[in-house]
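In what follows, chains are A, B, ... by sequence order, proteins preceding strands, each numbered from 1.
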Protein chains: 2
Amino acid sequence: MAMDTKTQILNAAEQLFAEHGFGDTSLRAITTEAKVNLASVNYHFGSKKQLIQEVLQRYLKVFMPQVDQQVKALLAEHPQPSVEQVFTSLVKPLLLLNQVRPDGTALFVRLLGRGYSESQGHLRKYITFHYGQMLKNFVDAVHLAVPELSKAELFWRLHFAIGTFVFTMASSKALSEIALADYQQQVTVEGIIHRLMPYISAGVGAKAHVSMNQSNPVLEIA
Amino acid sequence: MAMDTKTQILNAAEQLFAEHGFGDTSLRAITTEAKVNLASVNYHFGSKKQLIQEVLQRYLKVFMPQVDQQVKALLAEHPQPSVEQVFTSLVKPLLLLNQVRPDGTALFVRLLGRGYSESQGHLRKYITFHYGQMLKNFVDAVHLAVPELSKAELFWRLHFAIGTFVFTMASSKALSEIALADYQQQVTVEGIIHRLMPYISAGVGAKAHVSMNQSNPVLEIA
DNA sequence: ACCCAATTCAAACAGTAGTTTGAATTTAAC
DNA sequence: GTTAAATTCAAACTACTGTTTGAATTGGGT
């Protein structure tokens, strides 16, 4: 059955992509794991690039609307939310992905990490293009929480937050192993997500200030 | 002259590694840029892997002792430093790298970002092995600044901080272009470093707290 | 001028990548 | 049961990778 083959490829691909990254996962490794023929990837998906997109899309199409919904619900109840409230509205949508696929949350955040690290901005553009409005809604909600930050400062803070999140998730397997070996901590992706919230919230909400021993390092034109 | 060839390779390599990553930079691209013969890389460095190490080593051997010195100086004057003071002690050593090579600071932080993202823990182990004591000194200094955090919590916070730093730096070129286009900001790596300090400091120093709608996600064994 | 080691060079090697091909097979509709 | 489309398959193709080879060239010491 065709649908079966396609799904088997997606499942094997996301697993290997999350673990080894997109570049270091060959189509042969995927088709071997999925127990399908090598050519079936190009038959069903056209190219490796499109396969990667469909792997991500399977989660994004669930995740993004969920976030949008959560943010709207938060703002309805708290017109002036805290930073932590806004970022915590990501948690439920993330955990919901476990219903898309077994261990879906962990897979998605790792894929997101890989995508951001390896795709040199492609993923960013892809998300902006397909979910621009939802993205804007989220950014606006953060701005409501920290109105004292300029739009430019907010831009940087949000990308710092993305960096924190994405790097941690991409490295989550390694970090979990270290935490277990060195601190006897049994860690789950869910646990890491919750640990991240205070850090990111405090970071994004930090008071901006000019540097000490440095004449204005950022030039504002116009 | 041999030394010339070796240096030309290092210079071309770091440039291309920083821009495209280690995996996506071929030896042929490097030797073409350096205007040397393809085989000279293996002749002078043995392998691509060793070339990558020497590229990083050129900066690390300057950077790490400088950090150690800064931290010791800080603690001598402030036995109970603030988080921001500890992290700000990274700034001078970073900027000093501009004396190692033109634009050395930017090159180093990007290489560091690439190394952490692409080398699946190899770089982490390399640094731990070669600069273990200096690393420990820095971690201890951070712990002095936030004694209320457990060692395990500190471990996570520091890796969050690494993530923030590394991802931002690896993406710094793209982010700078966006900032210029969308916010008319002329950004330098130096400027980004200074912008990062409040975020990282606030994040690392944030009060840890158990999550709201989640029964203890992290299990402490023993 | 000679020699020997260091270095450079063009070429080939072995391995892997994504993709394409065309025949074989399966599937579903009539 | 026949037919036609959809799918699977083994194999080959093209392109690119890091590395090695052995000859040519260079440079410094005597």
Search all heavy atoms of A:I193 against all heavy atoms of A:L94 and return the closest pair with its distance.
CD1-CD1, 3.9 Å
For A:F45, does the six-membered ring have the charged nitrogen or CZ of A:K6 within the cation-pi criterion, i.e. under 6.0 angstrom from the centroid and within 45° of the normal?
yes
For A:T25, answer base if it contacts any base atom (sugar-phosphate contacts may also be present), sugar-phosphate if it contacts only those atoms, and nothing otherwise; contact means non-hydrogen atoms under 4.0 Å.
sugar-phosphate
Take the protein atom CG of A:L27 and the nucleotide atom P of C:dT20, then report the distance between them rounded to whole Å.
11 Å
Just to confirm, is there a sub-4.0 Å distance from OP1 or OP2 of C:dT8 to any side-chain nitrogen or oxygen of B:H44?
yes
Which whole-number value in Å describes the distance from A:L16 CG to C:dA17 P?
12 Å
Regarding B:S26, tell me which of base, sugar-phosphate or nothing describes its non-hydrogen contacts under 4.0 Å with the strands shown.
sugar-phosphate
Can you give me the closest heavy-atom contact between A:L112 and A:L123, atom names plus distance?
O-CD2, 3.9 Å
For the aromatic rings, using the six-membered ring if either is Trp, is the centroid distance between A:F167 and B:F167 under 6.0 Å?
no
Between CG of B:D24 and P of D:dG18 the distance, given in whole Å, is 10 Å
Whole angstrom value for the distance that separates C1' of C:dA17 from CZ of A:F22
17 Å
Checking salt bridge (charged side-chain N to carboxylate O under 4.0 Å, His left out) for the pair B:E14/B:R58: CA distance, chi angles, key distance, verdict?
CA-CA 10 Å; B:E14 71 173 1; B:R58 197 153 59 140; 3.5 Å; yes
Rounded to the nearest Å, what distance is computed from the NZ atom of residue A:K48 to the C1' atom of nucleotide C:dG18?
8 Å
Does A:N37 place a side-chain N or O at less than 4.0 Å from the phosphate oxygens OP1/OP2 of D:dA10?
yes
Look at the side chain of A:A39 and decide which nucleotide, out of C:dT19, C:dT20, D:dT20, has an atom nearest to it.
C:dT20
Expressed in angstrom and rounded to an integer, what is the separation of B:R28 atom CZ from C:dA10 atom P?
13 Å
Rounded to whole angstrom units, what separation is found between the CD1 atom of A:I52 and the C1' atom of C:dA17?
13 Å
Interatomic distance, B:Y43 OH vs C:dA5 C1' [rounded to whole Å]:
8 Å
With respect to the phosphate group of D:dT8, does any side-chain polar atom (N or O) of A:T5 fall under 4.0 Å of OP1 or OP2?
yes
